[in-house]
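Note that the coordinates shown come from a computational prediction; the quantities given were computed from them, not determined experimentally.
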Amino acid sequence: FRTNTFYRKPSVIGKIGCEGMELAAALPEISNGMAFLLGPYSFSRLVEDCFYADAGRLALDYAAALAKSLPALKANGYECLLLLEPAVGHDLSRREFERPEWIGESISRLKAAGVALGIHFPLADAKAAVQAFEGTAADFFGIDCVYSEPDGISTGKRLLLGVVDGARARIESAQEIAARADAFIGRAGFSGGYYLGCNDRLFDVPFKIALEKIKALSDFGGRQA
């Protein structure tokens with residue numbers, strides 16, 4: 001879904017399915033790891049559909065294929081699945097987002113596989129994104145604390161607070177991280193359980209910078225403990 005010079009849509013030319021070992025073979029074994037995968041909504045929005053009659057059937061088959069892959073991932077040490085939904089923020093910014101009726105079923109299929117399940121909304125208005133997915137079986141939501149305001153967020157779930165910007169090379173200070181985290185902890189409505197992380201994958205910054213951002217988060221978390 002990302003190239004360094006131009007963009008091409010992957011084409012779906014047949015029924016989506018899997019044997020169940022494909023993802024485990026592509027990812028290294030790990031202890032208590034988290035797998036990042038594209039969420040069903042963004043998958044349905046970003047591919048070129050040359051087979052299915054509607055986006056819902058495509059998304060449900062995609063979710064079923066991911067669910068079939070999760071037992072092998074768990075055996076390789078992955079205890080959590082984080083679904084990235086960048087298309088939610090894009091569509092919200094263009095006032096084109098409509099909550100599909102199939103979204104709850106797609107998430108339930110993945111949760112039934114028995115892993116901790118989060119949905120992350122990079123570059124999205126956190127209030128609107130959380131409202132749209134609140135009724136799903138997800139365990140927690142990842143929200144963009146750099147580009148969102150905490151007021152009006154209401155959920156009974158845990159939050160992954162994206163307090164470090166994955167799209168900028170500048171390293172955040174402990175004071176910046178604390179200010180962003182405190183604003184959401186103090187003003188957003190949620191279960192009270194939270195994690196600290198990035199607002200998006202650290203894909204667009206140099207590897208050395210990405211490590212420094214991760215270290216800043218780690219150092220901050222250690223001082224807070």
| Can you tell if the side chain of L23 reaches within under 4.5 Å of the side chain of L37, non-hydrogen atoms only? | yes
| With hydrophobic residues grouped by side-chain heavy-atom distances under 4.5 Å, do F97 and V130 end up in a single group? | yes
| request: Could you tell me whether R99 and E134 have a side-chain N and a carboxylate O separated by less than 4.0 Å? | output: no
| query | Checking side chain to side chain donor-acceptor pair (under 3.5 Å) for the pair D125/Y147: CA distance, chi angles, key distance, verdict? | reply | CA-CA 7 Å; D125 171 17; Y147 298 101; over 6 Å; no
| note | Here the pair of heavy atoms bringing L81 nearest to V115 is CB-CG2, 4.1 Å
| request: Report whether I30 and L70 are members of the same hydrophobic cluster (ILVMFWY, side-chain heavy atoms less than 4.5 Å apart, transitive linking). | output: yes
| request: Answer yes or no: is there a side-chain heavy-atom contact under 4.5 Å between R201 and L84? | output: yes
| Is there side-chain contact between P40 and E85, with at least one heavy-atom pair below 4.5 Å? | yes
| request: Using distance alone, with no hydrogens and no angle criterion, decide if N32 and Y78 have a side-chain donor and acceptor under 3.5 Å apart. | output: no
| Test log, rule salt bridge (charged side-chain N to carboxylate O under 4.0 Å, His left out), inputs R109 and E105 | CA-CA 6 Å; R109 290 188 180 191; E105 183 180 351; 2.9 Å; yes
| Under the side-chain contact (heavy atoms from CB on, under 4.5 Å) criterion, do S148 and I143 qualify, and how do the steps go? | CA-CA 8 Å; S148 295; I143 61 175; 5.8 Å; no
| field | Salt-bridge criterion met for R158 and D139 (N-O under 4.0 Å) | value | no
| Are L38 and L60 co-members of a hydrophobic cluster defined by side-chain heavy atoms under 4.5 Å apart? | yes
| At their closest point, which heavy atom of L73 faces which heavy atom of A35, and how far apart are they? | CD1-CB, 4.5 Å
| request: In sequence, state the C-alpha distance, the side-chain angles, and the governing distance for K111 and S108, and then conclude on side-chain contact (heavy atoms from CB on, under 4.5 Å). | output: CA-CA 5 Å; K111 182 57 185 174; S108 293; 5.6 Å; no
| said: Tell me if a side-chain donor or acceptor on S42 pairs with a main-chain N or O of A87 at a distance below 3.5 Å. | reply: yes
| note | Residues Y62 and F43: closest non-hydrogen pair is CE1-CD1, 3.6 Å
| Non-hydrogen side-chain atoms of I107 and L83 separated by less than 4.5 Å | yes
| task | Answer yes or no: does atom CD of E22 have more than 12 heavy-atom neighbours from other residues, nucleotides or ligands under 6.0 Å? | result | yes
| note | In short, A181 meets L161 closest at the heavy-atom pair O-CD1, 4.3 Å
| Are the side chains of V163 and L217 in touch, meaning some heavy atoms are under 4.5 Å apart? | yes
| request: For E172 and K213, work out which heavy atoms get closest and say how close. | output: OE1-NZ, 3.0 Å
| request: Find out whether Y41 and D91 are in side-chain contact, i.e. whether some heavy atom of one side chain is under 4.5 Å from a heavy atom of the other. | output: yes
| message | Please check if the number of heavy atoms outside E96 that lie under 6.0 Å from its CD is greater than 12. | response | yes
| Option passing side chain to side chain contact (heavy atoms under 4.5 Å, CB included) with L160 (candidates L82, I119, L196, N199) | L82
| request: Determine, using the 4.5 Å side-chain heavy-atom cutoff (strictly less than), whether F220 and V205 are members of one ILVMFWY cluster. | output: no
| task | Step through it carefully: locate the ring centre of F184, locate the ring centre of Y194, and say whether they are under 6.0 Å apart. | result | no
| request: Evaluate the side-chain proximity of C80 to F140: yes if any heavy-atom separation is below 4.5 Å, no if none is. | output: yes
| task | Start with the C-alpha gap between R170 and E212, add the side-chain angles, then the distance that decides, and say whether salt bridge (charged side-chain N to carboxylate O under 4.0 Å, His left out) holds. | result | CA-CA 10 Å; R170 189 176 62 83; E212 288 295 323; over 6 Å; no
| field | Geometric class of the F141/F121 ring pair [parallel <30°, tilted 30-60°, perpendicular >60°] | value | tilted
| query | Looking only at heavy atoms, which two atoms of G166 and L202 are closest? And how far apart? | reply | CA-CD2, 3.6 Å
| request: Determine whether P28 and N76 make a side-chain contact, defined as any pair of heavy atoms from C-beta on separated by less than 4.5 Å. | output: no
